[in-house]
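In what follows, every heavy atom counts, from backbone to side chain, and hydrogens, waters and symmetry copies are set aside. All figures in this text were calculated on a predicted structure; none of them were measured in a lab.
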Amino acid sequence: MALLLIDQGNSNTKIQVRSLSGEILQATQSIVNFEQNQFLQSDKAPISHIALASVAKAEAKQWLKESLTKQLGSEVLLVEAETETELSMPNTKILNSYCDPSQMGIDRWLAVVAGVTRYPNRGIVIVDSGSAVNIELVNSNAQHLGGYIIPGFTAMIQTLYNGTGQVKVDRQPDSYSVEPGDKTLDCVNNGIAGAIVGLIMDSISRLTAESLAEDVQVVMAGGDSAKLAPLISSPTEIVPDLVLDGLFQWFNVKCI
């Protein structure tokens, strides 16, 4: 039997099939039309469970649930952020800083679940850098301390492009730098990188003071993580499927 994991975003949907023990049977793919996709039924094991984490609009979320149920004949488990989430490790639960967890994007919460599972008893800064940059702070007691949401690299460039007369940048660099620029292209690109990196470094400093930890672990995901990671002066790991890892951990504790 196999588990279908789905991370439905506003512009991209990632799917993965795992065995109930966690073995990845099908690598992550991004797809648009589920009804035309033959990938969903694993050759190694039939799909018996479906877990969906979605931050998409209500109609897109509902369409996806109905489409999956029609195609696979299995109930879709819709995962939402919680006040607390127990982990498979003994006596370990993550406490959410939100008074109303329903206001927190499930992708952010599952990234926290995956991060704490990966680095238990450690101060963690989790960074998911895509259309938006989500930053979460978790202390060594698995207490979520809150976070930040800011526009991603492309969104910041687009804002400058649309809102100014002469600050026009038509491309992003192959690698990021925070050095002062000597032409408009570099001033914009390096300035945006510096703003993002500066907030990450401030988060590390805040967490160090809060948890009294000298070595804060940074866990990164998202399309810009490979460019941002070299600029972070703390231990950093890139985990491309962080949300799906968290979704599996959540399912593993709740349903297996």
Side-chain angles (χ1 to χ4, degrees), residues 3-18 24 26-37 39-40 47 49-69 71-72 76-82 85 96 98 100-115 117-118 125-136 144 147-159 172 192 196 199-200 219-229 237-251:
L3 168 64
L4 174 63
L5 303 171
I6 306 170
D7 172 18
Q8 183 187 27
N10 291 303
S11 57
N12 186 43
T13 296
K14 298 174 70 175
I15 64 174
Q16 191 179 79
V17 177
R18 297 193 187 194
I24 297 176
Q26 297 283 354
T28 304
Q29 294 189 13
S30 297
I31 61 177
V32 177
N33 191 334
F34 279 78
E35 293 181 334
Q36 296 178 359
N37 192 278
F39 158 82
L40 294 177
I47 292 172
H49 302 81
I50 305 170
L52 169 63
S54 177
V55 295
K57 294 180 179 179
E59 55 268 26
K61 186 186 304 185
Q62 185 61 32
W63 175 88
L64 180 55
K65 288 182 62 178
E66 292 175 356
S67 177
L68 288 167
T69 300
Q71 181 177 352
L72 298 177
V76 178
L77 176 63
L78 183 62
V79 181
E80 304 285 356
E82 305 172 298
T85 294
N96 198 331
Y98 270 46
D100 182 1
S102 68
Q103 298 299 308
M104 184 182 195
I106 184 59
D107 55 339
R108 295 172 57 208
W109 184 242
L110 291 176
V112 170
V113 170
T117 301
R118 205 172 188 89
V125 172
I126 299 165
V127 182
D128 191 348
S129 54
S131 301
V133 178
N134 300 324
I135 302 175
E136 311 298 335
H144 176 244
Y148 303 97
I149 303 174
I150 61 173
F153 208 100
T154 301
M156 288 196 201
I157 287 180
Q158 196 64 47
T159 298
Q172 295 182 27
I192 293 173
I196 296 172
L199 187 55
I200 295 171
V219 182
M220 304 191 75
D224 282 334
S225 54
K227 295 180 182 180
L228 291 169
E237 181 186 14
I238 298 174
V239 185
D241 296 324
L242 192 64
V243 173
L244 292 175
D245 288 349
L247 184 56
F248 175 77
Q249 292 298 330
W250 187 95
F251 180 88

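Side-chain contact between Leu247 and Asp7 is absent, with no heavy atoms from C-beta onward closer than 4.5 Å. With contacts defined as side-chain heavy-atom distances shorter than 4.5 Å, the pair Gln16/Phe248 does not qualify. Annotation: side chain of Val76 is not in contact with side chain of Ile6 (no heavy-atom distance under 4.5 Å).
Listed by chain and residue number, Arg18 satisfy the salt bridge (charged side-chain N to carboxylate O under 4.0 Å, His left out) test with Asp245 (two or more places apart in sequence, or in another chain). By the side-chain contact (heavy atoms from CB on, under 4.5 Å) test, Gln158 is found to be paired with Tyr161, Asn162, residues two or more places apart in sequence or in another chain being considered. For the salt bridge (charged side-chain N to carboxylate O under 4.0 Å, His left out) test, residues two or more places apart in sequence or in another chain that qualify with Asp241 are Lys14. In this view, Pro151 and Ala155, Met156 satisfy the side-chain contact (heavy atoms from CB on, under 4.5 Å) rule, not counting sequence neighbours.
Between Ile126 atom CD1 and Trp109 atom CH2 the span is 9.5 Å, to the nearest 0.5 Å. The distance from the CE atom of Met220 to the CG atom of Leu228 is 4.5 Å, given to the nearest 0.5 Å. For the atom pair CD of Glu80 and CG of Leu110, the computed distance is 10.0 Å after rounding to the nearest 0.5 Å. To the nearest 0.5 Å, atom CG of residue Leu4 and atom CD1 of residue Ile47 are 4.5 Å apart. If you take CG on Leu3 and CZ on Phe251, they are separated by 5.0 Å, rounding to the nearest 0.5 Å.
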Sequence neighbours excluded and cut-off under 3.5 Å, please list the side-chain donor-acceptor pairs for residues 49-57, or say none.
| residue | atom | partner | partner atom | Å |
| --- | --- | --- | --- | --- |
| Ser54 | OG | Gln8 | OE1 | 2.7 |
| Ser54 | OG | Ala56 | N | 3.2 |

Show me the side-chain donor-acceptor pairs of residues 127-135 shorter than 3.5 Å, one per line, residues at least two apart or across chains.
| residue | atom | partner | partner atom | Å |
| --- | --- | --- | --- | --- |
| Ser129 | OG | Ala221 | O | 3.3 |
| Ser129 | OG | Ser225 | N | 3.2 |

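The two residues Leu242 and Gly115 make their nearest non-hydrogen contact at CD1-N, 4.4 Å.
When each of His144, Gln103, Arg108 is paired with Tyr98, the side chain to side chain donor-acceptor pair (under 3.5 Å) condition holds for Arg108 and for no other.
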